[in-house]
**Student:** 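Before we start, here is the structure in question, set down as structure tokens.
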2 protein chains.
Amino acid sequence: MVNSSILLKEYDLKVTPQRVAIVDELYKHGHMNIDELYKNLLEKFPSISLATIYKNINAMVDKIFLNEVKIPETKSVYELAKEEHSHLVCQSCGKIEDIVLDTTLLQNSLKGVSNFKVESTELVFSGVCQNCQ
Amino acid sequence: MVNSSILLKEYDLKVTPQRVAIVDELYKHGHMNIDELYKNLLEKFPSISLATIYKNINAMVDKIFLNEVKIPETKSVYELAKEEHSHLVCQSCGKIEDIVLDTTLLQNSLKGVSNFKVESTELVFSGVCQNCQ
DNA sequence: CTGGGTGCAAAGTATTTGCATGAAC
DNA sequence: GTTCATGCAAATACTTTGCACCCAG
């Protein structure tokens, strides 16, 4: 379990029950889109508004506390920021897994053919997860 | 130059001037978002409607004739389908370049740690292009 | 106390749909 | 002639904004 309050404070975000719940949900599920988040938070906060979700998500993304992950054919999901990693997206069940892969070889082969200066690498594998195979 | 009419026919899409223009624009620019496409097509077709653009883009994506490319922090762009490739996105000028990289090494290292069956790989490098450096 | 967060309602933006007309085949 | 695309208007979906009230610090 994470201590969401401390995390929020570290990112200069006022600690409110709604925000704590957002962080808890994301920690629990790893990746969620806006609708899933809203639906789940409604159980704890029957009068929470979508505007609150959007404002908080945007604030957290601005503070680089959350990342938005854009995935082919699907809505964006959000995740707590952490070390750079890739995503495995199951086309069958929709599950998204994180995986840390070394991309230095790839970046080296890129250097061989281009002068592009890489700041960040976004890598999404779509396919079928172990469970669904 | 591509022969857009023939391409459209190959993908079972009726050949209309609007569609030909969409293909020509995408061929010329490589990657465009909906607004850019609309803005450019308005010059040739002053009464073209956004609905037409959306309907055609969706039809072409369904036929796997176009790809939608989702890029961090930006609107999606569309490109003519072709061999799998990666994208270099310049955070300074916004330019998007295609680049073909061999991802087999990467997929092999993935195999080492996961049973995920990869169907497709989406790879986007964000950074600074040669011109902007 | 003060600044900022919340929820509501409204506005703004993006995308889709239904339909009458017209063009492609 | 039949099928399907176009453009318009309306509907729906998604996201942001303004504001009054309230809570965290």
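A, B, ... follow the sequence lines: proteins, then strands. Residue 1 opens every chain.
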**Student:** May I have the distance from Tyr38(B) (atom OH) to dT6(D) (atom P), rounded to whole angstrom?
**Tutor:**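 Going from OH in Tyr38(B) over to P in dT6(D) covers 14 Å.
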
**Student:** Do Val124(B) and Pro72(B) have side-chain heavy atoms sitting under 4.5 Å apart?
**Tutor:**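 Yes; the side chains approach each other to less than 4.5 Å.
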
**Student:** Can you tell me how far C1' of dT6(D) sits from CG of Asn56(B), to the nearest Å?
**Tutor:**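 Rounded to the whole Å, the gap is 9 Å.
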
**Student:** Would His87(B) and Glu79(B) count as having a side-chain donor-acceptor pair, cut-off 3.5 Å?
**Tutor:**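 Present: a donor and an acceptor within the cut-off.
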
**Student:** To the nearest Å, how far apart are Lys39(A) NZ and dC14(D) C1'?
**Tutor:**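 Taking atom C1' of dC14(D) as the reference, NZ of Lys39(A) is at 18 Å.
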
**Student:** Is it the case that more than 12 heavy atoms not belonging to Glu73(B) sit under 6.0 Å from its CD atom?
**Tutor:**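 12 or below, so no.
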
**Student:** Side-chain N or O of Thr52(A) less than 4.0 angstrom from OP1 or OP2 on dG7(C)?
**Tutor:**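 The answer is yes; a side-chain N or O of Thr52(A) sits under 4.0 Å from OP1 or OP2.
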
**Student:** Rounded off to whole Å, could you give me the CG-to-P distance for the Leu41(A) and dT6(C) pair?
**Tutor:**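 Rounded to the whole Å, the gap is 11 Å.
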
**Student:** Which parts of nucleotides 15-25 of chain D does protein reach within less than 4.0 Å, heavy atoms only, written one letter per nucleotide 5' to 3' as B for base, S for sugar-phosphate only and - for none?
**Tutor:** BBBB-----BS

**Student:** Whether Gln18(B) contacts dA23(C) is assessed here as follows: a side-chain N or O lying under 4.0 Å from the phosphate OP1 or OP2. Is that the case?
**Tutor:**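 For Gln18(B), the contact criterion (side-chain N or O under 4.0 Å from OP1 or OP2 of dA23(C)) is not met.
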
**Student:** Can you measure Asn33(B) atom CG to dT13(C) atom C1' for me and round it to whole angstrom units?
**Tutor:**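 Atom CG in Asn33(B) sits about 14 Å away from atom C1' in dT13(C).
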
**Student:** For the side chain of Glu97(A) and the backbone of Ser114(B), is there at least one donor-acceptor N/O pair under 3.5 Å apart?
**Tutor:**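 Answer holds: no.
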
**Student:** For the helix from dC1(C)-dG25(D) to dC25(C)-dG1(D), measure the angle between the helix axis at one end and the axis at the other, each built from five pairs, rounding to 10°.
**Tutor:**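 End-to-end axis angle: 50°.
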
**Student:** Round to a whole Å and report the spacing from NZ of Lys44(B) to C1' of dT6(D).
**Tutor:**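 Nearest whole value for this atom pair: 17 Å.
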
